[in-house]
Amino acid sequence: MNNDILSTPLAARMRPARLEEFIGQKHIVSEGKLLYRMIKTDRLSSVIFCGPPGVGKTTLARIISNETRLAFKRLNAVSAGVGDIRDVADSAKVSFENPTGRVVLFFDEIHRLNKNQQDVLLPYVEDGTIILIGATIENPYYAVNRALISRSTVFRFEPLCEDDILQLLHTAASDKEKGLGLLPLNITDEAYRHIAYCADGDARKALTSLELAAMTTEKNASGEIIIDLSVAEECTGARAIKYDTAGENHYDTASAFIKSMRNYMEPDAVLHYLARMIEAGEKPEFIARRIMIAAAEEVGLANPAALQVAVAAAQAVEMVGWPESSLILAEAALMVACSPKSNAAYKGINKALEDVRTKKIGKIPSNLKNTDYEGAVKLSPKEAYKYSHDYPNARAEQQYLPDELRSVRYYYPKRSGSEAKIYERMAQLFSEDYLKEKD
């Protein structure tokens, strides 16, 4: 292959030049979406692209530079000074070079702009001299000047799905002009899938791993460069545990993790299956969702703090990522595993949902209907709503369920953990027999 071509990284060579070649981010650039229309009609206004690395922010900015009739400039917030910004704005005013009087400025790492840079940039964005494209990996609502945010449309880029990554890899491996198509590559499906999985939605990471595998693997006796799973493991730095995020083993491991959390005091098994998922590269958000569900379904009101910890963990892993999220998830999973257990809330809502879906549920009792609007029919004294706080323990004896369901019971608290207190209060109010779950 041409050494000049190989001197440029594969990820850079494979950047698409046209919008039709762009892969991923269909929620913002598929045909008919706002950003697609803005680019295609060359009616771009200031925008901010936010999202993780390797998902197409810079690539899309380059495509815009090809698609627009306006002058296009690029600066980096780390290296650019206020003079560079003024130079860009001044270039827009040179009529023989730029008759439109406007320029598109791509500002990479826009969250790193200092106050002086922002003060110089803002007036040009306000008067339309500069059409800003800002790119950031941070949340722009926290990291970018509010005045710039208010004058821009924010587009959030998501990690690419594995199918998108696989498409990029296959294209790069077969492209004879910009990719690796002139090399005698023989890449197994397992290797493709492993590289795509380990990339975790980052196209640049996937293409770099593929290039590393292709350029460091010797030809075999038949003259082929064989890239199998073992080569892919070396080039990604991750061992391929028998765990496929879309396959049977993925669900088996998740199932074992959930069932171990369900059992009272089974922390070792919980940590084992959690470790399997972490080491296999499972996304922390997936694990956090399973823990939140288990906290509500398996622990419930026996320890309401378990759900609070699970929710806090889910929020924390979004900000932290690997590897530190392993500790956060372990803490939340152990909280669920070691908590008293009750599925009373789970069973209660499922039974209520089943009745709503399958039974004649009748009308809402008239004493519970809304009367806080003009023209509402006044209820007779017999049907008037009794305000609960006017009665001992805030309990007013009146009809709450529809006539057809007056005798139905959904919630049967268990004598477990904090829910035992609810059981005791209900037993005092009603009876022990009232709390016995009926078949």
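Nothing fancy with the numbering, it's 1 onward along the sequence.
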Can you name the one residue among Arg151, Gln118, Gln117 that meets side chain to side chain contact (heavy atoms under 4.5 Å, CB included) with Asn145?
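So, applying the side chain to side chain contact (heavy atoms under 4.5 Å, CB included) to Asn145 and each of Arg151, Gln118, Gln117, only Gln118 qualifies.
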
Criterion side chain to side chain contact (heavy atoms under 4.5 Å, CB included) against Leu274, the qualifying member of Leu334, Thr253, Leu329
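The single option meeting the side chain to side chain contact (heavy atoms under 4.5 Å, CB included) with Leu274 is Leu329.
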
If only side-chain N and O atoms count, and only distance matters, is there a donor-acceptor pair under 3.5 Å linking [Y] with [X]?
X: Glu298; Y: Tyr264; answer: no
X: Lys414; Y: Asn343; answer: yes
X: Asp42; Y: Thr68; answer: yes

Verdict with reasoning, Glu282 to Tyr197, per side chain to side chain donor-acceptor pair (under 3.5 Å)
CA-CA 9 Å; Glu282 183 59 83; Tyr197 179 70; 4.9 Å; no

Are any of the side-chain nitrogens in [X] or [Y] under 4.0 Å away from the carboxylate oxygens of its partner?
X: Glu20; Y: Arg18; answer: yes
X: Asp84; Y: Lys73; answer: no
X: Lys351; Y: Glu437; answer: no

A side-chain contact here means heavy atoms from C-beta on lying under 4.5 Å apart; do [X] and [Y] qualify?
X: Ile137; Y: His111; value: yes
X: Leu160; Y: Leu168; value: yes
X: Leu148; Y: Leu122; value: yes

Using the six-membered ring of Phe72, assess whether NZ or CZ of Arg74 lies under 6.0 Å from its centre and within 45 degrees of the ring axis.
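The answer is no; the distance or angle limit is not met.
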
Under 6.0 Å from the six-membered ring centre of Tyr434 and within 45° of its axis: does the NZ or CZ of Arg409 meet both?
yes

Check Ala89 against Thr129 and note the closest heavy-atom contact, atom names and distance.
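So the minimum-distance heavy-atom pair works out to O-CG2, 4.0 Å.
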
How close do Arg13 and Gly179 get, heavy atom to heavy atom, and via which atoms?
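Nearest heavy atoms, Arg13 then Gly179: NH2-O, 3.6 Å.
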
In this structure, are over 12 heavy atoms from other groups packed under 6.0 Å from Tyr410 atom OH?
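Result for OH/Tyr410: enclosed.
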
Should we say atom CD of Glu331 is surrounded by more than 12 heavy atoms from elsewhere, each under 6.0 Å from it?
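It does not: Glu331 CD has 12 such atoms or fewer within range.
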
OG1/Thr216 to CD/Glu234 distance, rounded to the nearest 0.5 angstrom?
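One finds 7.5 Å between OG1 of Thr216 and CD of Glu234.
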
Report the C-alpha distance between Asp252 and Arg276 in whole Å, list the side-chain angles of each, state the deciding distance to 0.1 Å, and finish with yes or no for salt bridge (Lys or Arg N to Asp or Glu O under 4.0 Å).
CA-CA 11 Å; Asp252 285 347; Arg276 279 198 185 195; over 6 Å; no

